[in-house]
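Remarks on the structure that follows.
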Amino acid sequence: QVQMVESGGGLVQAGGSLRLSCAASGRTFSSYVMGWFRQAPGKEREFVAAIHWSGSSTYYSDSVKGRFSISRDNAKNTVYLQMNSLKPEDTAVYYCAACGVAGRNWYKERSYDYWGQGTQVTVSS
């Protein structure tokens with residue numbers, strides 16, 4: 001069975017940093033695009049970042065570009081999200097996701113086939 005587990009969330013002051021990890025098991029995701037999404041209370045789940053299977057290309061939402069960095073270690077079947085200069089508006093549950101089909105729009109939630117259960121990130125002002 002496929003399982004994706006996020007970790008690294010918590011409480012941090014504005015301007016601080018957190019590093020999220022997503023460890024996958026039950027399937028090798030080395031050939032998948034991996035993404036991060038987030039959902040704040042009362043809001044739709046939104047795209048945060050994605051990374052090509054090779055790690056050669058990355059994609060970011062405008063709201064996090066320049067502050068967040070996505071990376072992956074295919075040998076460990078793990079994807080990371082380094083979050084710097086955090087703002088209170090970054091507060092949300094963060095989810096990792098995987099897509100194994102080429103040609104999809106990686107900004108869209110519906111493009112992803114597998115999802116983790118999420119980890120809470122809270123940024124205090």
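What you are looking at is a predicted structure, and each value in this text was computed from that prediction instead of being measured.
Here the side chain of Tyr107 pairs no donor or acceptor atom with the backbone of Glu46 at under 3.5 angstrom. Proximity of a side-chain donor or acceptor of Asn105 to a complementary backbone N or O of Ser111 within less than 3.5 Å is not detected. Looking only at distances, no side-chain donor or acceptor of Tyr59 sits under 3.5 Å from a matching main-chain atom of Val48.
Applying the salt bridge (Lys or Arg N to Asp or Glu O under 4.0 Å) test to pairs two or more places apart or on separate chains, none has a residue in residues 16-32. Within the structure, ring-ring contact (aromatic ring centres under 6.0 Å, His included) pairs that include any residue of residues 9-33 comprise Phe29-Tyr32, Phe29-Tyr114 (at least two apart or interchain). Counting only residues at least two apart or on different chains, the salt bridge (Lys or Arg N to Asp or Glu O under 4.0 Å) pairs with a member in residues 53-65 are Asp62-Lys65. Screening residues 99-108 for salt bridge (Lys or Arg N to Asp or Glu O under 4.0 Å), with sequence neighbours left out, gives Arg104-Asp113. Listed by first and then second residue, the side chain to side chain donor-acceptor pair (under 3.5 Å) pairs that reach into residues 90-101 are Arg38-Asp90, Arg38-Tyr94, Arg67-Asp90, sequence neighbours excluded.
With values rounded to the nearest 0.5 angstrom, Met34 atom CE is found 12.0 Å from Leu81 atom CG. Met4 contributes atom CE, which lies 4.0 Å from atom SG of Cys22 (distance to the nearest 0.5 angstrom).
Nearest heavy atoms, Ala50 versus Val33: CB-CG1, 4.3 Å. Pairing each heavy atom of Gly118 with each of Glu6, the nearest pair is N-OE1, 2.8 Å.
Checked against side-chain hydrogen bond (donor to acceptor under 3.5 Å, both in side chains), Ser7 has no partners two or more places apart in sequence or in another chain. Asn84 meets the side-chain hydrogen bond (donor to acceptor under 3.5 Å, both in side chains) test with Ser17, Gln82; sequence neighbours excluded. Residues satisfying the side-chain contact (heavy atoms from CB on, under 4.5 Å) criterion with Ser25, sequence neighbours excluded, are Gln3. Ser54 is linked by a side-chain hydrogen bond (donor to acceptor under 3.5 Å, both in side chains) to His52, Ser56, counting only residues two or more places apart in sequence or in another chain. For Ser71, the side-chain contact (heavy atoms from CB on, under 4.5 Å) partners are Tyr80, not counting sequence neighbours. Considering only residues two or more places apart in sequence or on other chains, Ala14 meets the side-chain contact (heavy atoms from CB on, under 4.5 Å) condition with Pro88, Val123. When the side-chain contact (heavy atoms from CB on, under 4.5 Å) test is applied to Ser61, the partners found at least two apart in sequence or on another chain are Phe47, Ser63, Val64.
Figure legend: cation-pi geometry between Arg72 and Trp53 absent, as NZ or CZ is not positioned both under 6.0 Å from the six-membered ring centre and within 45° of its axis.
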Checklist entry - Could you walk me through whether Ile51 and Trp106 pass the side chain to side chain contact (heavy atoms under 4.5 Å, CB included) check? => result CA-CA 9 Å; Ile51 185 168; Trp106 316 121; over 6 Å; no
Item to check | Residues Phe68, Trp36; criterion ring-ring contact (aromatic ring centres under 6.0 Å, His included); working and verdict | outcome: CA-CA 11 Å; Phe68 291 10; Trp36 287 94; 9.9 Å; no
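In the displayed structure, Gln117 atom CD is contacted under 6.0 Å by at most 12 heavy atoms of other residues, nucleotides or ligands.
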